[in-house]
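Take a look at the structure set out below.
So you know, we letter chains A, B, ... as the sequences are listed, proteins then strands, and number each from 1. Just so it is clear, the structure is predicted and the values come from calculations on it, not from any experiment. Both backbone and side-chain heavy atoms feed into the values below; hydrogens, waters and symmetry mates do not.
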Amino acid sequence: MKDHLTDLLFNAVKQLTDELDQNQIVIERPKLIEHGDFSTNIALVLSKILKKTPRDIAQLILDKLPETTHFDKIEIAGAGFLNFFLSPFSHQAIINQVIEEKDNYGGNKKGKSRKVQIEFVSANPTGPLHVGHGRGAAIGDSIARLFEFSGWSVTREFYYNDAGAQIDNLMHSVKAHCLNIKPDHKDFPENGYRGSYIADIAKDYLAKTSIQCAGHKIQASGDINDEDSIRIFSIAYLRNEQDKDLEAFQTTFNVYTLESDLYKNHQVDFVVNTLIKEGHTYEKDGALWLRTTDFGDDKDRVMKKSDGDFTYFVPDVAYHLDKWTRGFIKVINEQGADHHSTISRVRAGLQGLNKNIPKDWPEYVLHQMITVMKNGAEVKISKRAGSYVTLKDLIDEVGCDATRYFLAARRADSQLIFDIDLAKSQSNDNPVYYIQYAHARIEGVLNQWKGDRNKLWIDTMPSFETQAEKKLIKRISEFPEVVILATDELAPHQITNFLKDCAADLHSYYNDSKFLVDDELTKITRLALIYATQCVIKNGLALLGITAPKKM
RNA sequence: CUGCCCGUAGCUCAAUCGGAUAGAGCACCAGCCUUCUAAGCUGGGGGUUACAGGUUCGAUUCCUGUCGGGCAGGCCA
């Protein structure tokens, strides 16, 4: 419909001037129903070129537009906007289309089955997942669902930093507990983790428990001096915990990549050697440096420390080379904003490999930090201090659906305040229930009708008269465009906003009109409309990983 | 000090890559259930979009500066 309108306008404008190409024609969806179903500002854009007032130009374009069955009315409004109002013929077509496509309505094939990889959460296995990881999970998983709905072949991936100094830290913390050295003791590792979960790990380790992790059984030796065993057991323990939390959050992954494997398979060595060979490195102060300034960084970075270890971003580069080698032309990394400095380093490292990797590859979505409030005070999240608001706590207290909604409903790049008490007290009138309620209400009506909803279809020209009906039809017709927008912008919150509006339109309609009326034609028409709405809400909620209940 | 993100109703957040009268929810006020789910609807109050300039038909959006918040700038991850 939008494309059709663009064609019509382009052909009309061509008769006035040839100084305009097709992609300059912008079709918008007006906010107010009084402004129609579509509108264009083309006359305002042309006023400078044609040296006429926008309203005069709008009239000229209007005169050149051919007759069409799609629109009832086209009018000039405001400063010179052209507003288009859909005809009953179009209303019928839209509703029937939704009913026909059902679960697929709103999706598209723009991805053409191309591969996209989305990495998110990627928490270090040094503690339970907290609210910040939850935000990453909600946003990352929803982006993945959006890409699937847009016809991409999606791989969801989780990267474990299971090597490096923080893991040693973890091991020493657990070991201290095994030796009965508590966090407040002077011999407890200075940078150790002080959360109570460390004691749990130590207890299970001493009890020689076995843990299921990534399909393998990891058995604790119970030997206090066996640091490797403590390390492996601790990682397995925490990975297992994280997996359970993510499962409860309706989030799954296809691939888990371990940092330690990048060392084992010599991928890190390969990256370092290639960078040396390509002449992007130098030695200084006993360390090996990468000249990232060649690629836009403001400072060169150390790759290999004077003690022989690599800095964290070197395996990151190796990991991304691996992604590239696996054929992912499109890669999206969802991370916390505290990682923003790694972007330039990873990209610089990849450029230095001279493998024709695009400069802006991979793409990043960075979510800002969450401020957690509890009992009117800010909770500082610190793994080392052991203060926590875990994802599990949230799911238990607020519920999976509401938590996912809340965390996905805001732009990633705005800081947000999560008030635990407020979330709990409002759990009953949380916006997500408002949307789910609309879905359940429709289900109730359809059940009482007792007809076969799969045979719902409008085959005579419908007469939708009320504002409520027109608004609702316009809304559901916008869904495919919202999906495209949300996917292009990597912004799931567009879906939550849309659903809230869609539910509001439905509730208004519900209070405005009765559906199960005596007149058969009116009844079928109205039921078809709300059934179509139910499909849209269901599909939208699915993009957010939120359930669509039939009863509430 | 430098770079990135942000600043919108009392509070939490939107605003279709520059559009029409800046919108929702919570909170507050007044109405609506003998009829399909009142977890709902209808109406009302509440704004100099941090501030000052600039660009143009038109700015919450783009540019410059100031103020305020967050995150980075470790041979930590």
What integer number of Å spans the [atom1] atoms of [N] and [M]?
N     : M     : atom1 : result
B:G18 : B:U64 : P     : 16 Å
B:C36 : B:C6  : C1'   : 46 Å
B:A24 : B:U16 : P     : 15 Å
B:A50 : B:U60 : C1'   : 12 Å
B:U55 : B:G43 : P     : 41 Å
B:G44 : B:U48 : C1'   : 23 Å
B:A9  : B:U61 : P     : 15 Å
B:G7  : B:A14 : C1'   : 15 Å

Quick check on [N]: is either OP1 or OP2 less than 4.0 Å from any side-chain nitrogen or oxygen of [X]?
X        : N     : answer
A:Lys31  : B:A15 : no
A:His367 : B:C5  : no
A:Tyr434 : B:C41 : yes
A:Gln494 : B:A15 : yes

Examine the base of [N] for any acceptor or donor lying under 3.5 Å from a partner atom in the side chain of [X], and report the outcome as yes or no.
X        : N     : answer
A:Asp298 : B:G3  : no
A:Ser414 : B:C6  : no
A:Tyr433 : B:A39 : no
A:Asn83  : B:A20 : yes
A:Thr311 : B:A77 : no
A:His340 : B:C71 : yes

Can the positive tip of A:Arg301 be found less than 6.0 Å from the middle of the six-membered ring of A:Phe313, inside 45° of the ring normal?
->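 No - A:Arg301 does not lie over the ring of A:Phe313 by the 6.0 Å and 45° rule.
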
A:Lys323/A:Glu157 salt bridge by N-O under 4.0 Å criterion =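 No, this pair does not count.
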
Residue A:Gln415, side-chain heavy atoms: nucleotide from B:U12, B:G69, B:C36 that is nearest =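 Of B:U12, B:G69, B:C36, B:G69 is nearest to the side chain of A:Gln415.
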
Given that A:Arg29 and A:Gln448 both sit by RNA chain B, which one's nearest nucleotide is further toward the 5' end?
->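 The residue whose closest nucleotide sits nearer the 5' end is A:Arg29.
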
Hey, is A:Phe81 doing a stacking thing with B:A20, by the 5.5 Å centroid and 30° angle criteria?
->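 Yes, A:Phe81 stacks on the base of B:A20, since the ring centres sit under 5.5 Å apart and the planes are within 30°.
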
